[in-house]
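Below, chain A is the first sequence line, B the second, and so on; all start at residue 1. Both backbone and side-chain heavy atoms feed into the values below; hydrogens, waters and symmetry mates do not.
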Number of protein chains: 2
Amino acid sequence: MTSEEIAKLCGVSRATVSRVINNSPNVKEETRQKILAIIKEKDYVPIASARRLAGIDSNIIGLFVLDINISESTTRVSKSAYFSQLVNLIIDQANNFGFQVLVSIITSEKQLTEIRNLFISRTIFSAIFIGAFNEESQLDDNIILEYPTIIIDRQSKSAEEKPNRLVINLDNFEGAYNATQFLIKSGHTRIGHISGDLRKLSGIERYKGYKKALEDAKLCFDRKLVREGNFLEDSGYQLAYEILEENITAIFCANDVMAISAIKAIKEKGLSVPEDISVIGFDNTAIGNYIMPALTTVDAPLEYIAQTCIESLKYFCKNKHFKEKEIRIKTNLIIRESTKEA
Amino acid sequence: MTSEEIAKLCGVSRATVSRVINNSPNVKEETRQKILAIIKEKDYVPIASARRLAGIDSNIIGLFVLDINISESTTRVSKSAYFSQLVNLIIDQANNFGFQVLVSIITSEKQLTEIRNLFISRTIFSAIFIGAFNEESQLDDNIILEYPTIIIDRQSKSAEEKPNRLVINLDNFEGAYNATQFLIKSGHTRIGHISGDLRKLSGIERYKGYKKALEDAKLCFDRKLVREGNFLEDSGYQLAYEILEENITAIFCANDVMAISAIKAIKEKGLSVPEDISVIGFDNTAIGNYIMPALTTVDAPLEYIAQTCIESLKYFCKNKHFKEKEIRIKTNLIIRESTKEA
DNA sequence: TATATAGATGAACGCGCGTACAATTTGAAT
DNA sequence: ATTCAAATTGTACGCGCGTTCATCTATATA
């Protein structure tokens with residue numbers, strides 16, 4: 001079924017059918033209704049590639065989960081509940097606004113080329129990157145810079161030179177600061193930190209927030225109380241064992257998954273949470289509320305992030321530029337049962 | 001950059017450039033090399049829509065997570081770790097084979113129309129559905145039936161009439177049967193079951209496997225020991241409270257998430273796992289190994305499912321039909337610490 | 001009634017590419 | 001040198017649609 005055939009059935013020219021489809025005002029209402037009826041009856045949908053070729057932009061957003069293995073033991077972002085959830089929410093929002101979403105998990109530098117190709121071939125008109133490493137990489141490829149791009153969880157170094165780029169970040173620093181401060185106010189003085197991947201902005205900032213809170217409270221920051229993890233189950237579990245040797249009474253973990261597995265390690269050592277050790281996570285993953293004890297954590301409003309992404313993109317489509325260059329999203333401490341006065 | 005420009009730069013016609021791009025053998029090797037060099041130098045990538053229009057099929061697979069709310073409290077498939085993981089793995093496999101994946105979460109019947117449109121507009125050439133309800137629905141739309149479609153977790157009623165359809169299912173029945181049998185062999189006689197959504201094949205079959213194992217062991221099946229859940233945290237938690245009233249010593253949960261939250265409920269009641277109550281989950285989610293106690297569960301080999309999906313699709317592309325109509329994937333019982341002799 | 005004007009429609013071109021078919025070149029055999 | 005088949009390359013059309021510009025129709029004004 002083509003617009004040509006629809007036109008014939010309606011006794012009009014293809015141009016008029018096209019006008020109806022593209023909401024041109026210059027069509028007599030009567031004609032419009034007749035054409036719409038036939039279109040509906042015949043289940044006609046324009047061939048997307050033909051529209052694209054004729055100049056209509058793609059409505060597909062590329063959503064790329066950066067999961068590049070620098071070393072063997074690097075974070076597998078794509079496996080974390082946090083990112084899965086965010087991906088889902090972005091897709092949902094996008095669909096609501098009539099966008100489609102093409103998702104790809106980038107595990108090697110080589111695949112970055114494929115992203116370029118998706119742009120050049122006009123398959124996608126925009127890209128959202130999540131889980132990006134902090135370092136500059138081929139993401140700054142000139143080709144990619146031509147198109148509207150949103151980056152989540154990555155520092156913006158020279159935003160002013162990149163008009164088509166929007167950086168959206170959780171206020172990881174503040175979230176970590178508040179979590180740590182909460183522990184301090186509860187009377188804890190020896191507070192450990194199991195960090196995330198320190199090549200990622202979220203890992204770095206949560207670490208910094210933890211450190212700053214200690215310093216502001218005049219508590220001595222002790223490097224030995226910090227262990228570098230990678231946001232995954234195993235590192236939370238292993239590092240909790242190590243950190244428990246340091247005579248601490250609380251641990252701030254850089255995400256829920258590590259917090260949950262840290263709790264397991266703590267229990268295995270014969271200690272209990274929160275009686276002996278308080279534990280705080282980050283992300284407010286669904287399961288956190290359903291473990292024993294329920295996890296105190298920092299809520300990352302993923303839905304709001306997703307919404308912000310798509311609305312910003314919508315804005316870009318209209319105005320050919322983003323409204324802001326950088327957006328910082330506030331977190332919210334959720335106090336449950338894994339923490340207690342010292 | 002167009003093939004026309006490349007042709008000009010190479011001093012050949014556009015046809016020859018096109019031949020090189022599409023691996024036609026009828027090009028002199030010397031010419032081919034020269035053209036390839038220029039293509040690489042100029043970063044030329046053909047406009048996808050132009051190729052499509054000229055008859056080359058899309059390489060985009062539509063991956064649809066069916067998450068239709070029939071009632072208010074219906075499962076949100078898209079939120080479960082199980083499906084997120086499966087989605088990730090399918091994307092990965094697809095990318096390996098040169099396919100792209102467009103993901104969409106279908107939350108209303110209305111959106112099914114959009115799937116049709118994606119086909120009709122030739123945006124996607126194939127679809128994979130996961131989390132499908134057991135009932136027949138618009139999925140059997142004639143349009144959709146024209147294209148290669150894979151359905152995961154749904155009964156195939158009349159496969160013979162649907163040549164372009166492949167059904168891939170976990171052997172949920174056997175997995176549940178083995179899990180239950182394991183509990184029986186461990187000496188448990190009053191074994192409860194927190195089921196999944198019983199409108200889904202996985203929910204139904206896991207329930208049936210549980211029941212059959214009891215019957216085969218001459219243990220009396222008691223409907224009161226079964227509670228219908230929906231695969232989500234909350235139902236595992238709530239229903240565990242209920243089911244504990246029935247004087248049981250073990251619970252088989254239809255997935256890990258419910259098992260984990262059931263454990264919380266059990267502990268809150270002052271009982272311990274596995275000393276008082278043994279708990280088995282299903283899925284072998286990552287976190288299951290990092291809770292206390294580590295969860296005994298049924299492993300669903302998601303990676304293998306993903307692989308099977310994409311290989312089947314690859315086969316279809318070559319032969320214009322699927323090799324099989326239905327594939328059943330074996331599970332594997334993983335015994336950890338949440339179960340114990342009665 | 002003649003004329004101007006806004007409103008509605010149609011004809012035709014171009015978007016970039018694949019490919020059938022025609023044209024040309026090459027190389028070997030005579 | 002001539003011939004012919006095979007290898008290689010070019011020409012030209014069609015894929016389905018958006019849109020400009022020209023054309024036509026209906027209405028209002030003089």
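With sequence neighbours excluded, the residues satisfying side chain to side chain donor-acceptor pair (under 3.5 Å) with A/Ser18 are A/Asn22.
When atom types are taken as modelled, the side chain of B/Thr31 and the backbone of B/Val27 share no donor-acceptor pair closer than 3.5 angstrom. Remark: the backbone N or O of A/Ile327 is not paired with any side-chain donor or acceptor of A/Asn169 at under 3.5 angstrom. Checked by atom type and distance alone, the side chain of B/Asp153 pairs as donor or acceptor with a backbone atom of B/Ser202 at under 3.5 Å. The backbone N or O of B/Asn117 sits less than 3.5 Å from a side-chain atom of B/Ser121, completing a donor-acceptor pair.
Of the charged side-chain nitrogens involved, at least one lies within less than 4.0 Å of a carboxylate oxygen, so that A/Glu29 and A/Arg32 count as a salt-bridged pair. Here A/Glu114 does not pair with A/Arg116 in a salt bridge; the nearest charged N to carboxylate O distance is not below 4.0 Å.
Using a 4.0 Å heavy-atom cutoff across all strands shown, B/Thr31 reaches sugar-phosphate atoms only and no base atom. Residue A/Arg122 is in sugar-phosphate contact alone, with no base atom involved, counting any heavy-atom pair closer than 4.0 Å across all strands shown.
Scanning both residues, B/Ile35 and B/Thr16, for their nearest heavy atoms gives CD1-CG2, 3.7 Å. A/Leu89 and A/Glu303 make their closest contact through CD1-N, 3.6 Å (heavy atoms, listed as atom of the first residue, atom of the second, distance). Closest of all the heavy-atom pairs between B/Ser58 and B/Arg52 is CA-NE, 3.1 Å. In this structure, A/Ala127 and A/Phe129 approach most closely via the heavy-atom pair CB-CE1, 3.9 Å. In plain terms, the two heavy atoms of A/Lys325 and A/Pro163 that are nearest each other are NZ-CA, 4.2 Å. When all heavy atoms are compared, the tightest approach of B/Pro148 to B/Ser126 is O-OG, 3.1 Å.
When each of A/Leu166, A/Thr149, A/Val167 is checked for a side chain to side chain contact (heavy atoms under 4.5 Å, CB included) with A/Phe322, only A/Leu166 meets the rule. Shown are B/Ile61, B/Ile91, B/Ile90; of these, the side chain to side chain contact (heavy atoms under 4.5 Å, CB included) with B/Phe99 is made only by B/Ile61.
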Tabulate atom names and distances for all N/O pairs under 3.5 angstrom spanning the protein and nucleotides 12-14 of chain D.
none

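Between A/Gly55 and B/Gly55, it is A/Gly55 whose nearest contact on DNA chain C lies nearer the 5' terminus.
Taking only side-chain nitrogens and oxygens, B/Thr16 comes nearer than 4.0 Å to OP1 or OP2 of D/dG10. For the OP1/OP2 pair of D/dG18 and a distance below 4.0 Å, the side-chain nitrogens and oxygens of A/Arg51 include at least one atom meeting the criterion.
If you check residues 1-12 of chain A against DNA chain C, the residues with a heavy atom closer than 4.0 Å are A/Gly11, A/Val12, listed by number. Of all the residues in residues 40-48 of chain A, not one reaches under 4.0 Å from DNA chain C with any non-hydrogen atom. Contacts between residues 17-29 of chain A and DNA chain C, defined by a heavy-atom separation under 4.0 Å, are made by A/Arg19, A/Asn26, A/Val27, A/Lys28.
Spacing between atom CG of A/Asp57 and atom P of D/dC17 amounts to 18 Å, rounded to whole angstrom units.
Here the OG1 atom belonging to A/Thr123 is positioned 11.0 Å from the CG atom belonging to B/Leu102, to the nearest 0.5 angstrom.
For DNA chain C, the outermost nucleotides in 5' to 3' order that have an atom under 4.0 Å from a heavy atom of chain A are C/dA8 to C/dG16.
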